[in-house]
Number of protein chains: 2
Amino acid sequence: MVRDQSKLKNTKRENAKGTTRSKKREETSARIVQAARQSFAKRGFHGTSTRDIATEAGTNQGLITYHFGTKDALWRAAADNLFEEIGGRLFDRLALRQLADERENARESIREFVRFSAEYPEFFWLMVDEGKNADERLDWLITTHLRPRFNVLADYMLNELGYSQTDLPHVYYALAGAASLIFAVAPECRQLTGVDPLKKEVIERHADFVARLIVA
Amino acid sequence: MVRDQSKLKNTKRENAKGTTRSKKREETSARIVQAARQSFAKRGFHGTSTRDIATEAGTNQGLITYHFGTKDALWRAAADNLFEEIGGRLFDRLALRQLADERENARESIREFVRFSAEYPEFFWLMVDEGKNADERLDWLITTHLRPRFNVLADYMLNELGYSQTDLPHVYYALAGAASLIFAVAPECRQLTGVDPLKKEVIERHADFVARLIVA
DNA sequence: GAAAAGATTATTCGTTTGAATAAATTTGAG
DNA sequence: CTCAAATTTATTCAAACGAATAATCTTTTC
């Protein structure tokens with residue numbers, strides 16, 4: 001029964017990567033994290049039970065205790081996983097293009113951000129779920145993941161989009177909100193307006209709409 | 001033990017309004033609904049326990065069963081209460097002014113919507129919390145409260161702001177998102193940017209920012 | 001002022017939850 | 001092949017949950 005891997009003795013066994021055992025361990029762990037990410041995103045931290053996560057991952061609840069210790073730690077692992085995946089894809093998209101027209105360049109970056117928001121509604125769900133209460137999870141989320149990413153985006157907005165320091169929070173949250181909400185409440189949008197926001201052409205229309213909104 | 005008032009016999013007792021008893025009943029009920037509104041908004045449906053609500057309302061949990069029956073019914077009562085309050089104030093604000101400059105008229109309406117979003121973050125929280133899962137609560141929320149309000153806003157956007165039918169979902173969710181997110185995640189905004197979005201001057205700045213965004 | 005009905009509190013019930021522990025199984029090292 | 005360690009499953013525990021019921025207190029009616 002190993003609860004904390006950091007306490008493992010530094011034996012020759014530790015560098016046995018790729019063995020059947022450590023492969024299985026990672027696979028199982030990954031399956032749990034994946035299920036946790038889905039559940040936490042869709043139903044929030046409190047709305048998710050560790051048993052449901054285990055079932056969805058096709059395993060036993062005890063494995064969560066074994067691999068992660070607590071529900072809180074599993075939530076952190078799920079967030080880590082999300083941001084790891086996000087980190088690469090988001091910044092691969094932004095600021096890559098160097099079109100002649102600077103404004104069109106900025107617009108395309110915003111379009112990419114909207115496409116990203118459609119692909120990863122979890123990001124927005126997490127932000128809203130945890131951002132409204134000043135607790136320990138929010139602290140961790142900000143210092144570990146949000147601040148570094150915010151700084152990059154802030155740089156981009158200041159230098160490439162030409163916004164002022166004072167405007168920063170307003171641009172950031174207005175853009176994030178305008179880009180993401182429609183995808184975050186997709187079922188509501190479908191039922192309320194009859195339009196499915198996750199259809200390709202609707203995503204593109206929203207991308208263009210928001211891009212032209214912010215860079216007229 | 002009265003579980004369902006509609007089943008009460010239609011005696012002369014029913015019109016005893018303003019008596020000490022019925023006054024107390026309404027006061028208690030209102031206190032519970034108020035506490036429920038706060039809790040459901042801040043911690044979501046699943047993150048809220050009926051015991052906590054009762055305690056916060058300064059009463060016993062049994063009273064929730066007595067007055068509302070189930071947690072679900074209490075949630076509906078809380079939502080009713082929120083929308084009742086919102087309904088009046090929101091539409092009092094919109095489309096009231098008739099300035100000479102039509103664009104400035106539209107901008108001021110949007111500013112009012114942003115001020116409203118700062119005052120009632122619950123609206124946004126509810127929308128995101130319930131809008132991401134297609135369940136019975138979402139059905140009820142849409143048919144009972146969202147659709148009528150959406151129709152009014154849609155009219156306003158089509159006729160006053162000059163948007164097209166196709167653009168409607170995009171305008172609606174982009175505006176709602178841009179206007180509300182910064183207030184919905186106020187603790188995060190404070191910690192991440194150092195700016196408190198609920199300060200009067202920040203609200204006004206955001207109002208102006210979003211207004212100029214949408215009506216350039 | 002007494003009896004009935006209404007409102008409130010206290011207690012209880014069956015489930016579910018997060019977590020811990022025990023038992024069983026699988027794997028790798030010697 | 002064997003045995004210890006790692007992993008997985010099964011079981012158990014105390015606490016919290018929504019809900020129901022019982023008991024108590026208050027108000028109204030006659």
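The sequence lines fix the lettering, A, B, ..., with proteins before strands; numbering per chain opens at 1.
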Between [N] ([atom2]) and [X] ([atom1]): distance, integer Å:
X	N	atom1	atom2	result
B:Leu74	D:dA20	CG	C1'	17 Å
B:His67	D:dG18	NE2	C1'	17 Å
B:Gln61	D:dA22	CD	P	17 Å
B:Asn60	D:dA20	CG	P	15 Å
A:Leu63	C:dT25	CG	C1'	12 Å
A:Arg51	C:dA20	CZ	C1'	12 Å
B:Arg43	D:dC17	CZ	C1'	15 Å
B:Glu27	D:dT26	CD	P	16 Å

Given [options], the nucleotide with the shortest approach to the side chain of [X]:
X	options	value
A:Thr70	D:dG18, C:dG6, C:dA19	C:dA19
B:Asp52	C:dT8, C:dT9, D:dC17	D:dC17
B:Tyr66	C:dA7, D:dT9, D:dG18	C:dA7

Salt-bridge present ([X], [Y]; N to O < 4.0 Å):
X	Y	result
A:Glu56	A:Lys42	no
A:Asp80	A:Arg76	no
B:Arg115	B:Glu108	yes

Is the phosphate of [N], meaning OP1 or OP2, less than 4.0 Å from a side-chain N or O of [X]?
X	N	value
B:Thr65	D:dA20	no
B:His46	D:dC17	no
A:Thr28	D:dT8	yes
B:Ser49	D:dA16	no

- Minimal non-hydrogen separation, B:Tyr173 against A:Leu181, with atom names: O-CD2, 3.7 Å
- Between A:Phe83 and A:His145, what is the ring plane arrangement, given parallel below 30°, perpendicular above 60°, and tilted in between? parallel
